Amino acid sequence: MERNKKEYAVRIIKILEEDYGHVKCALNFSSPFELLTAAILSAQCTDERVNKVTENLFKRYKSVEDYANADILELENYIKSAGFFRNKGKNIIKSAQMVINKYNGDVPQTMEELLELSGVARKTANVVLVSAFGKSEGIAVDTHVIRIANLLELTEYDDPVKIEKDLMKIVPKKYWINFSFMIQTLGRRICKARNPVHVFCSLNKICPLLQK
DNA sequence: AACTCGGGGCA
DNA sequence: TGCCCAGAGTT
């Protein structure tokens, strides 16, 4: 079963690479801490909306110190439209303080350390590792990945931790980074949670949903 | 395992 | 105007 699923996964990846092989992180940022901030904001929020928020946020706050010393109410005002802004504002400031106090101002580069930061769990940590540092200790699993991996019958159930473990067994390691980017892009643009655009889907020849 | 934490887009 | 989208933390 594992071998067949691996071959199936690679087939999917090869097809997706034709359309999405060049795709990178959808979040805008110009430093690791900006990416960390954007990634924290992206919880339960689309990347497009995060980019809208960070456009002004990144003009107002330039350094990790600026975030660590930020007035919570003022910062919250900048990030309101990303939703859950009271949690996220607190988390951004607390994470900035920890980056300064514990890591000398540099965003840490391991999963274990990133998970200690406020507002950072596995999905966000994976995003930071991949896009800020080009490292991957796992596969970023968001709702797009859950939906599409289940749809393609690569995985089952909806526990992101379990899905990530299963995908790490099925997807060859050299594809981990691109797999997330490509699936997320497909999920945002084509294979949406609602009203998927089957005609434009790269996978419409093999999608189990369309074979019945 | 179940709950809380908002706001924006679209019908 | 009400439904749906998108993760982390706490109990």
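Throughout, protein chains are lettered first and strands after them, A, B, ... in sequence-line order, and every chain is numbered starting at 1. All values below come from the heavy atoms of this structure, side chains included, with hydrogens, waters and symmetry mates left out. Since this is a predicted model, take the numbers as computed values, not measurements.
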Original post:
If we ignore angles and hydrogens, is there a donor and acceptor under 3.5 Å between the side chains of A:Asp166 and A:Thr155?
Top reply: no
Original post:
Which nucleotide of DNA chain B is the first, and which the last, in the 5' to 3' direction, to come under 4.0 Å of a heavy atom belonging to chain A?
Top reply: B:dC5 to B:dG8
Subject >> Under 3.5 Å: donor-acceptor pair, side chain of A:Thr54, backbone of A:Asn51 >> reply: yes
**OP:** Identify whether any heavy atom of A:Asp142 sits under 4.0 Å from a base atom; if not, whether one sits that close to sugar-phosphate; answer base, sugar-phosphate or nothing.
**Re:** sugar-phosphate
**OP:** Using side-chain contact (heavy atoms from CB on, under 4.5 Å) as the criterion, list what pairs up with A:Cys191, not counting sequence neighbours.
**Re:** A:Ile148, A:Leu151, A:Leu186
Original post:
A:Arg147 CZ to C:dA6 C1': how many Å, rounded?
Top reply: 10 Å
Original post:
Are side-chain N/O atoms of A:Lys90 and A:Asn87 paired as donor and acceptor at under 3.5 Å?
Top reply: no
Original post:
Considering heavy-atom distances to DNA chain C, does A:Leu115 or A:Ala193 have its closest nucleotide positioned more toward the 5' end?
Top reply: A:Ala193
Original post:
Atom CD1 of A:Ile163 and atom P of C:dG7: how far apart are they, to the nearest Å?
Top reply: 13 Å
Original post:
Can you tell me how far P of C:dA6 sits from CZ of A:Arg122, to the nearest Å?
Top reply: 21 Å
Original post:
Any donor-acceptor pair under 3.5 Å linking the side chain of A:Asp66 with the backbone of A:Phe58?
Top reply: no
Original post:
Taking the same atom, C1', in C:dG7 and in B:dC10, what whole-Å distance lies between them?
Top reply: 22 Å
Subject >> A:Asn195 CG to C:dC3 C1', straight-line distance once rounded to whole Å >> reply: 13 Å
Subject >> Same-atom distance (P) from C:dA8 to B:dG9, integer angstrom >> reply: 22 Å
**OP:** Specify the residue among A:Ala82 and A:Arg194 whose closest nucleotide of DNA chain B lies further upstream toward the 5′ end.
**Re:** A:Ala82
**OP:** Report the distance from atom CZ of A:Arg86 to atom P of C:dG7, rounded to the nearest whole Å.
**Re:** 21 Å
**OP:** Could you tell me the separation between the CD atom of A:Gln44 and the C1' atom of C:dA8, rounded to a whole number of Å?
**Re:** 8 Å
Subject >> Residue mapping more 5' on DNA chain C - nearest nucleotide basis, A:Lys94 or A:Ala43 >> reply: A:Ala43
Original post:
Testing A:Glu137, A:Glu164, A:Lys135 for side-chain hydrogen bond (donor to acceptor under 3.5 Å, both in side chains) with A:Asn126, which one passes?
Top reply: A:Glu164
Original post:
Which part of the nucleic acid does A:Lys88 contact within heavy-atom distance under 4.0 Å: base, sugar-phosphate only, or nothing?
Top reply: nothing
Original post:
How close or far is atom C1' of C:dG7 from atom CG of A:Asp158, stated in whole angstroms?
Top reply: 14 Å
Original post:
A:Ser42 side chain N/O closer than 4.0 Å to the phosphate oxygens (OP1, OP2) of C:dA6?
Top reply: no
**OP:** Rounded to whole angstrom, note down the P distance from C:dG9 over to B:dG8.
**Re:** 23 Å
Original post:
Of A:Ser81 and A:Phe84, whose nearest nucleotide on DNA chain B comes first from the 5' end?
Top reply: A:Phe84
Original post:
Within the side chain of A:Lys94, is there an N or O that forms a donor-acceptor pair under 3.5 Å with the backbone of A:Leu117?
Top reply: no
Subject >> Neighbour count >12 (heavy atoms, 6.0 Å) for atom CZ, A:Phe200 >> reply: no
**OP:** Output yes when at least one side-chain N/O atom of A:Thr143 is less than 4.0 Å from OP1 or OP2 of C:dG7, else no.
**Re:** yes
Original post:
Rounding to a whole Å, what distance do you find between A:Asn91:CG and C:dG9:P?
Top reply: 6 Å
